[in-house]
Amino acid sequence: MEVEVKLRLPDAVAHRHVTTLLSPFHVATHRQENHFFDGSSGELSSRRATLRLRFSDTDPRCVVTLKAKAVIVDGVSRVEEDEEPLDSSIGRDCVAEPEKILSSAAESRVLRRAKEEFGALGFVGLGGFGNVREVYEWKGLKLEVDETDFGFGTQYEIECESSDPEEAKKLIEEFLKDNGIDYSYSVTSKFAIFRSGNLPGYPRQ
């Protein structure tokens, strides 16, 4: 189970304010490509699951991830997650020809799960989006500040995986409030936003 705090920032100005304040704690920048897949008959989506291949400019491999039963409540996301690294050449082949996921299942436990546990007889590509992730080590937390380009709009978000999400959320919210930065609780996943084709409206106070 992956548990993350997810706080949405309203715009590029707020994003720049956050990254400027956190710059002394910066440890990495990742430029990511995210590609999503479903069974050819909707076998994954019908059971609230998604299959993702992620490529990053900082890693020669890609990461294959199977997520299921995502729930976000009051800015805290909980999702069943299974992931592992995969040779990037295999990943690129699967992006170009999603049906190759079936033959690549022998190379990946996660792809094999997607095939066997969900009974997928084939796979289709759903498309994807790009993300720039700035990573910070701050007050014992690993903060990931995302700038996600969906093609139809850009969203800004702070994520923080934690075994104590309420305490992590409290610290991040105090930081934002103390610096006059507007924010809201994220209410849906990036994948759900991508599939909807629209950015959710930002709640104004």
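- Of the possible polar contacts, none joining the Asn179 side chain to the Ile181 backbone as a donor-acceptor pair under 3.5 Å is found.
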- Item | Verdict with reasoning, Asn198 to Ser196, per side-chain hydrogen bond (donor to acceptor under 3.5 Å, both in side chains) | CA-CA 5 Å; Asn198 291 284; Ser196 76; 5.1 Å; no
Q) Asp38 and Phe36: side-chain contact (heavy atoms from CB on, under 4.5 Å), yes or no, with the steps? A) CA-CA 7 Å; Asp38 195 0; Phe36 298 89; over 6 Å; no
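- The environment of Arg109 atom CZ is dense: over 12 non-hydrogen atoms of other residues, nucleotides or ligands sit within 6.0 angstrom.
- Residues forming a salt bridge (charged side-chain N to carboxylate O under 4.0 Å, His left out) with Glu81 (at least two apart in sequence, or on another chain): Lys67.
- Of the N and O atoms on the side chains of Glu167 and Ser162, not one donor lies less than 3.5 Å from an acceptor on the other residue.
- In terms of modelled atom types and a separation under 3.5 Å, the side chain of His17 and the main chain of Thr19 share no donor-acceptor contact.
- Contacts classified as salt bridge (charged side-chain N to carboxylate O under 4.0 Å, His left out) and involving residues 118-134 (residues at least two apart or in different chains) are given here: Arg133-Glu144, Arg133-Asp146, Arg133-Glu159.
- Annotation for Val95: hydrophobic cluster partners, listed by chain and number, are Phe37, Leu44, Leu51, Leu53, Phe55, Val64, Leu66, Leu86, Ile90, Ile101, Leu102, Val110, Leu111, Phe118, Phe123 (ILVMFWY side-chain heavy atoms under 4.5 Å, direct or chained).
- Within the structure, every pair that satisfies the salt bridge (charged side-chain N to carboxylate O under 4.0 Å, His left out) test and touches residues 110-129, not counting sequence neighbours, is listed here: Asp82-Arg113, Arg113-Glu117.
- Residues Met1 and Arg78 are in side-chain contact: their nearest non-hydrogen atoms beyond the backbone lie under 4.5 Å apart.
- Val79 is not connected to Val5 by any chain of hydrophobic side-chain contacts under 4.5 Å among Ile, Leu, Val, Met, Phe, Trp and Tyr, and they are in different clusters.
- Applying side chain to side chain contact (heavy atoms under 4.5 Å, CB included) to Phe25 and the options Val27, Leu22, Leu21 leaves one that passes, Leu22.
- Residues that satisfy the side-chain hydrogen bond (donor to acceptor under 3.5 Å, both in side chains) test with Glu97, not counting sequence neighbours, are Lys100.
- Atom SG of residue Cys62 and atom CD of residue Glu83 lie 11.0 Å apart, to the nearest 0.5 angstrom.
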**Asked** Where do Lys6 and Ile72 land on the side-chain contact (heavy atoms from CB on, under 4.5 Å) test, with the steps shown first?
**Response** CA-CA 9 Å; Lys6 289 178 176 282; Ile72 301 179; 4.2 Å; yes
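- When the side-chain contact (heavy atoms from CB on, under 4.5 Å) test is applied to Ser189, the partners found at least two apart in sequence or on another chain are Phe191, Ala192.
- No continuous path of ILVMFWY side-chain contacts below 4.5 Å connects Val187 to Phe194, so the two sit in separate hydrophobic clusters.
- Minimum heavy-atom separation, Arg31 to Thr29: NH1-CG2, 3.6 Å.
- The side-chain hydrogen bond (donor to acceptor under 3.5 Å, both in side chains) test applied to Glu173 returns Tyr183, Tyr185, not counting sequence neighbours.
- Of all non-hydrogen atoms in Ser40 and Val124, the two that sit nearest each other are CA-CG1, 4.0 Å.
- With rounding to the nearest 0.5 Å, the separation of NE2 in His35 from CZ in Arg54 is 11.0 Å.
- Val18 and Val132 sit in two unconnected hydrophobic clusters of ILVMFWY residues. Membership requires side-chain heavy atoms under 4.5 Å apart, directly or through other members.
- Both Leu9 and Phe175 belong to a common hydrophobic cluster when Ile, Leu, Val, Met, Phe, Trp and Tyr are linked at side-chain heavy-atom distances under 4.5 angstrom.
- The side-chain contact (heavy atoms from CB on, under 4.5 Å) test applied to Leu141 returns Trp138, Leu143, Cys160, Ala168, Leu171, Ile172, not counting sequence neighbours.
- Counting only residues at least two apart or on different chains, no salt bridge (charged side-chain N to carboxylate O under 4.0 Å, His left out) pair has a member in residues 39-53.
- In this structure Arg92 satisfies the side-chain hydrogen bond (donor to acceptor under 3.5 Å, both in side chains) test together with Glu33, sequence neighbours excluded.
- Here the closest heavy-atom approach between residue Asp74 and residue Lys169 is recorded as O-NZ, 2.7 Å.
- Under the side-chain hydrogen bond (donor to acceptor under 3.5 Å, both in side chains) criterion, Thr58 pairs with His30, Ser56, sequence neighbours left out.
- Look at Glu174 and Lys177 and you find no salt bridge, because none of the NZ, NE, NH1 or NH2 atoms lies under 4.0 Å from a carboxylate O.
- Minimum interatomic distance between Gly39 and Ala120 (heavy atoms only, all atoms of both residues): CA-CB, 4.2 Å.
- The two atoms that bring Val3 and Pro165 nearest to each other are CG1-CG, 3.7 Å, heavy atoms only.
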Solution key, residues 151-158 side-chain donor-acceptor pairs under 3.5 Å, sequence neighbours excluded:
{"unit_1": "Gln155", "atom_1": "OE1", "unit_2": "Arg8", "atom_2": "NE", "d": "3.4"}
{"unit_1": "Glu157", "atom_1": "OE1", "unit_2": "Lys190", "atom_2": "NZ", "d": "2.7"}
{"unit_1": "Glu157", "atom_1": "OE2", "unit_2": "Ser186", "atom_2": "OG", "d": "2.5"}

